[in-house]
**Q** 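I am attaching a structure below and will ask some questions about it afterwards.
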Amino acid sequence: MTEVLDLAKQLIAEPSVTPATGPVFDAMETMLAQLGFAVTRFTRGEGEAGSPEAPVENLFAIRSGPEGSKHFAFAGHLDVVPPGSGWASEPFEPAQRGELLYGRGAVDMKGSIACMVDAVAKVPADAGTISFIITGDEEGPALHGTRALIDFMREHGHQPDLCLVGEPTSVNRLGDMMKIGRRGSVNIWLEVDGTQGHVAYPHLADNPIPKLVAMLAELDALVLDEGTDWFQPSNLEITDLEVGNMAHNVIPAKAEARISIRFNDRHSGASLSEKVGAIAEKHGGIAKPIISGEPFLTPPGEFSDIIAAAVKAETGIDPEPSTSGGTSDARFLRAMCPVIEFGLCNATMHKRDEAVAVADLSTLSRIYARIARDCLAT
């Protein structure tokens, strides 16, 4: 347990608020180089700090097995969300109190990455090829992170056969859930232009607010679907509404809103954008969509069976295959190979005093080692 605990502490100790660069990748590179991995680091993005185009550091590491052997990949991110205030101890000074290790990233997901590194030390090099796909931009815009790594892997012929993402998927205890898919995500900005004027002379103006309200009412009433065998129903939520009118006696010139749609595999980002765009146009407005990711599903089969067997062997429980929750970088990786997410308990992720059970680190390392060995042997 000491070794995986030390690895987790090393990673947590390096501040890495998204987008992560520098020292945390130095620590990761050192860990993997000692295990015989060839490590490549690169940065993509040329914008100013704080912009979606800001530079992002990425790491790809590979330990090649015998020619023709299977290629199994671990994937994850070293960036974390801002810690906020009010922690019982410093968020980037790992603190062990009782049975818990505290620190930003303890579960999301530096703890899981530490378990991956510890796990591969237990897998013989001749078992097959193992790689690490690690980004510094999962918690941010995700423009120059995993997508850039996929470009790199394709360019250099490093396509894995299977990929495991170490997101914290467990709910009540380690091993009770794995993610075999995720819903897609699209955010759409809505705008309605009007003509500014005095409220006492409405015939000389054109109020955009009633048009936007009618548009939002129609959108809010939509029933997109009833769900599928593996996915919950798609849902549309109104997430912002803005007019910005500081005067009580002025009809505003513009009204704006934003919606977010999480959707299952009965839809695509493009089809939903087209549907919303038609409704916006009907009410005199326009829609500007940004598709964050498409839905994906890795149907239950050999890969999920391997993970379930490894979890059962180490914890005695059967993980539930699920597609619930938000998005992850698996939405990009699924274009390369079958991908499933499995990791630590998610109760404290993104929260103050984020913490992982020390015993779970040791158990997860053993689970990951079993999964890697069994996937390479298929």
**Q** Are Val339 and Leu164 in one and the same hydrophobic cluster, where Ile, Leu, Val, Met, Phe, Trp and Tyr link if side-chain heavy atoms are under 4.5 Å apart?
**A** no

**Q** Ile134 and Leu32: same hydrophobic cluster, using ILVMFWY side-chain contacts below 4.5 Å?
**A**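 Yes: a chain of side-chain contacts under 4.5 Å links Ile134 to Leu32.
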
**Q** Can you tell me how far the CG atom of Asp26 sits from the CD atom of Glu57, to the nearest 0.5 Å?
**A**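 Reported to 0.5 Å precision, the distance equals 7.5 Å.
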
**Q** Would you find more than 12 non-hydrogen atoms of other residues, nucleotides or ligands less than 6.0 Å from Glu218 atom CD?
**A**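 Atom CD in Glu218 is packed in, count exceeds 12.
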
**Q** Going by atom types only, do Thr327 and Arg182 share a side-chain donor-acceptor pair under 3.5 Å?
**A**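 The criterion, which ignores hydrogens and geometry beyond distance, is not satisfied for Arg182 and Thr327.
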
**Q** Please report the shortest heavy-atom distance between Asn264 and Ser234, naming the atom on each side.
**A** N-OG, 2.9 Å

**Q** Do Ser16 and Lys110 have a side chain donor and acceptor closer than 3.5 Å?
**A** yes

**Q** When rounded to the nearest 0.5 angstrom, what is the spacing between OG1 in Thr298 and CD1 in Ile180?
**A** 7.5 Å

**Q** Run the salt bridge (charged side-chain N to carboxylate O under 4.0 Å, His left out) check on Glu314 and Arg370 step by step: do they pass?
**A** CA-CA 9 Å; Glu314 295 294 342; Arg370 283 180 180 269; 2.7 Å; yes

**Q** What are the two closest non-hydrogen atoms of Ala75 and Cys163, and how far apart are they?
**A**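 Here Ala75 and Cys163 meet closest at CB-SG, 3.7 Å.
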
**Q** How many angstroms lie between atom CZ of Phe342 and atom CD1 of Ile371, to the nearest 0.5 angstrom?
**A** 6.5 Å

**Q** In a check of side chain to side chain contact (heavy atoms under 4.5 Å, CB included) between Ile261 and each of Asn235, Val276, Ile291, Leu219, which one passes?
**A** Val276

**Q** Report the residue from Thr129, Thr378, Asp161 that forms a side-chain hydrogen bond (donor to acceptor under 3.5 Å, both in side chains) with Lys70.
**A**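 Result for side-chain hydrogen bond (donor to acceptor under 3.5 Å, both in side chains) with Lys70: Thr378.
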
**Q** Using 30° and 60° as the class boundaries, would you call the ring planes of His156 and His158 parallel, tilted or perpendicular?
**A**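 Answer is parallel, since the angle falls under 30°.
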
**Q** Taking side-chain hydrogen bond (donor to acceptor under 3.5 Å, both in side chains) as the criterion, tell me which of Asn58, Asp108, Thr146 meets it with His77.
**A** Asp108

**Q** Is NZ or CZ of Arg97 both nearer than 6.0 Å to the six-membered ring centre of Tyr102 and within 45° of the ring axis?
**A**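 Pair Arg97/Tyr102 counts as cation-pi.
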
**Q** To the nearest 0.5 Å, what is the distance between CG (Leu297) and CD1 (Ile340)?
**A**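 Nearest 0.5 Å value for the CG-CD1 distance: 9.5 Å.
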
**Q** Between Arg41 and Glu29 (salt bridge meaning N to carboxylate O under 4.0 Å), is one present in this structure?
**A** yes

**Q** Give the cluster check for Val39 versus Val120: same hydrophobic cluster or not, with ILVMFWY residues linked at side-chain heavy-atom distances below 4.5 Å.
**A**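 Looking at the clustering, Val120 is in the same group as Val39.
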
